[in-house]
Colleague: 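Have a look at the structure that comes next, please.
Here is how names work: the chains are called A, B, and so on, in the same order as the sequence lines, proteins then strands, and each is numbered from 1.
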Protein chains: 2
Amino acid sequence: MPRVGLNIVQIVQTAADIADNQGTEAVTLSGIARELSVRPPSLFNHVKGLPQIKRELSLLGVKKLFKRMNDATKEKSGDEAIFAIANAYLQFTREHPGLYEYTIALPKPKDEEIERESNKILTLILTLFHTYSLSEENVIHAVRGFRSILHGFSSLEQKGGFGMPIERNDSLHYMIRVFLTGLNKTE
Amino acid sequence: MPRVGLNIVQIVQTAADIADNQGTEAVTLSGIARELSVRPPSLFNHVKGLPQIKRELSLLGVKKLFKRMNDATKEKSGDEAIFAIANAYLQFTREHPGLYEYTIALPKPKDEEIERESNKILTLILTLFHTYSLSEENVIHAVRGFRSILHGFSSLEQKGGFGMPIERNDSLHYMIRVFLTGLNKTE
DNA sequence: ACGAAAAACTAATACCATTAGTTTTAATGT
DNA sequence: ACATTAAAACTAATGGTATTAGTTTTTCGT
């Protein structure tokens, strides 16, 4: 019935924008409040505190990332699906570098809801690698390898770790091609 | 001539211990001062401030990591050297999770000295991959791939990203074996 | 034993997150 | 239209952080 003001969605969206544009270090209650033309304590009417905002950022990030990856694999399979999902992953990490960090740095007592969303990503990748003829155990190893490549590449790219004047997208595609080739020829 | 007290080495070592044992978030001047039984402003007699301490942590981390990697490859070549360097890398990230984070998150105007040390790691890996018969450009791609695997695996492992009950070391060795096999069979 | 250089200190400023308590606002029912 | 009232937003205060300025203390070397 009463007065309507801010809501948690606006707050989290503002926090996400700050994370993407100024880095996760800049995600502060006072920064968010400034952006929303409000005093910091006002935010407590809608969220418990900064830890909850970070938890929401992790959830939002994992959800968005899953959607991108899932959409990318629609109507595709095999190598084509793998490359498509990798491209979607990189597109996400480049558009949302801040949010992406929160999808990796998850809240420390495990959060049930985030864990579920996170598992959807894992299951999606798992499905893709089941079409390769690998043992049960090697499928897990392969998925971990693929995730390591995606995250390692994204993370190093974000931190400016690739200095040589060679197209980074070519590197990504090369390493995935090498990995897939190796999968077929190994064991 | 005058009074001798703390020095920058003790301060940085204390900061490194805190980073490894309590996480990089816990690296604060007040925490370091507490550990050294001193008041926070006293630290300013030896360091410019927290940013310099973080810069020193990055430098220390990159130097230690290079030493581990370099030692591991002594008298080795080919696949053997690759596996040895990967094991050394993982040993470092597991022993020094905090310091390792600082080797990835480097200070933001590039630091000349850190850049030099960092390049020593790059050159070391580059040398290893030169023994495989790859084009100039593909060597770069391969090095980026190897670094992505190492960093991605380490980072995901640290964040608790590998939940399945499968030995993680086996996964690391499998993905490297797959990658090396692919290198030989690709192009 | 003493002087000087530098260590360590106290005090103060300026952020930050958070809590408690007060005031303001506006959606709703009459 | 307007009074009710729930909740939004506010101010004030507390305690944590980094940092600067200025003072006191210590101890190395003569």
Colleague: C/dA7 base to B/Arg3 side chain: any donor-acceptor pair below 3.5 Å?
Modeller: yes
Colleague: I'd like to know whether the aromatic ring centres of B/Phe162 and B/Phe153 sit less than 6.0 Å apart in this structure.
Modeller: yes
Colleague: Reading nucleotides 12-22 of chain D 5' to 3', which nucleotides get B (base under 4.0 Å from a protein heavy atom), which S (sugar-phosphate only), which -?
Modeller: B----SSBB--
Colleague: Let me know the distance between CG of B/Leu43 and C1' of C/dA6, rounded to the nearest Å.
Modeller: 15 Å
Colleague: Counting only heavy atoms and a strict 4.0 angstrom limit, can you tell me which residues of residues 6-26 of chain A come near DNA chain D?
Modeller: A/Leu6
Colleague: In this structure, are over 12 heavy atoms from other groups packed under 6.0 Å from B/Lys76 atom NZ?
Modeller: yes
Colleague: Taking only the side-chain heavy atoms of B/Ser42 (C-beta and beyond), determine which of D/dC28, D/dT11, C/dC9 contains the nearest atom.
Modeller: C/dC9
Colleague: Going by distance alone, is a donor N or O of one side chain under 3.5 Å from an acceptor N or O of the other, for A/Gln91 and A/Asn87?
Modeller: no
Colleague: ring-ring contact (aromatic ring centres under 6.0 Å, His included) with B/His151: which residues, sequence neighbours excluded?
Modeller: A/His151, B/Tyr100
Colleague: To the nearest 0.5 Å, how far apart are CD1 in A/Ile149 and CE in A/Met175?
Modeller: 7.0 Å
Colleague: So, is A/His46 close to the D/dA9 phosphate, meaning a side-chain N or O under 4.0 Å from OP1 or OP2?
Modeller: yes
Colleague: Side chains of residues 58-66 of chain A: which donor-acceptor partners sit under 3.5 Å, not counting sequence neighbours?
Modeller:
from: A/Ser58; atom 1: OG; to: A/Lys54; atom 2: O; distance (Å): 3.4
from: A/Ser58; atom 1: OG; to: A/Tyr102; atom 2: O; distance (Å): 2.7

Colleague: Please indicate whether A/Arg94 has more than 12 foreign heavy atoms, meaning atoms of other residues, nucleotides or ligands, lying under 6.0 Å from its CZ.
Modeller: yes
Colleague: Using the test side chain to side chain donor-acceptor pair (under 3.5 Å), find all partners of A/Arg34 that sit at least two apart in sequence or belong to another chain.
Modeller: A/Ser30
Colleague: Would you say the side-chain atoms of A/Tyr132 and A/Asp79 include a donor-acceptor pair closer than 3.5 Å?
Modeller: yes
Colleague: Bend across the helix from C/dA1-D/dT30 to C/dT30-D/dA1, to 10°, with axes taken over 5 pairs at each end?
Modeller: 10°
Colleague: Does the base of D/dA9 carry an N or O that pairs as donor and acceptor with the side chain of A/Asn45 under 3.5 Å?
Modeller: yes
Colleague: Would you indicate whether the side-chain heavy atoms of A/Leu43 and A/Leu36 approach each other to under 4.5 Å?
Modeller: yes
Colleague: What's the verdict on ring-ring contact (aromatic ring centres under 6.0 Å, His included) for A/Phe129 and A/Phe146, showing C-alpha distance, side-chain angles and the deciding distance?
Modeller: CA-CA 10 Å; A/Phe129 279 92; A/Phe146 185 59; 5.3 Å; yes
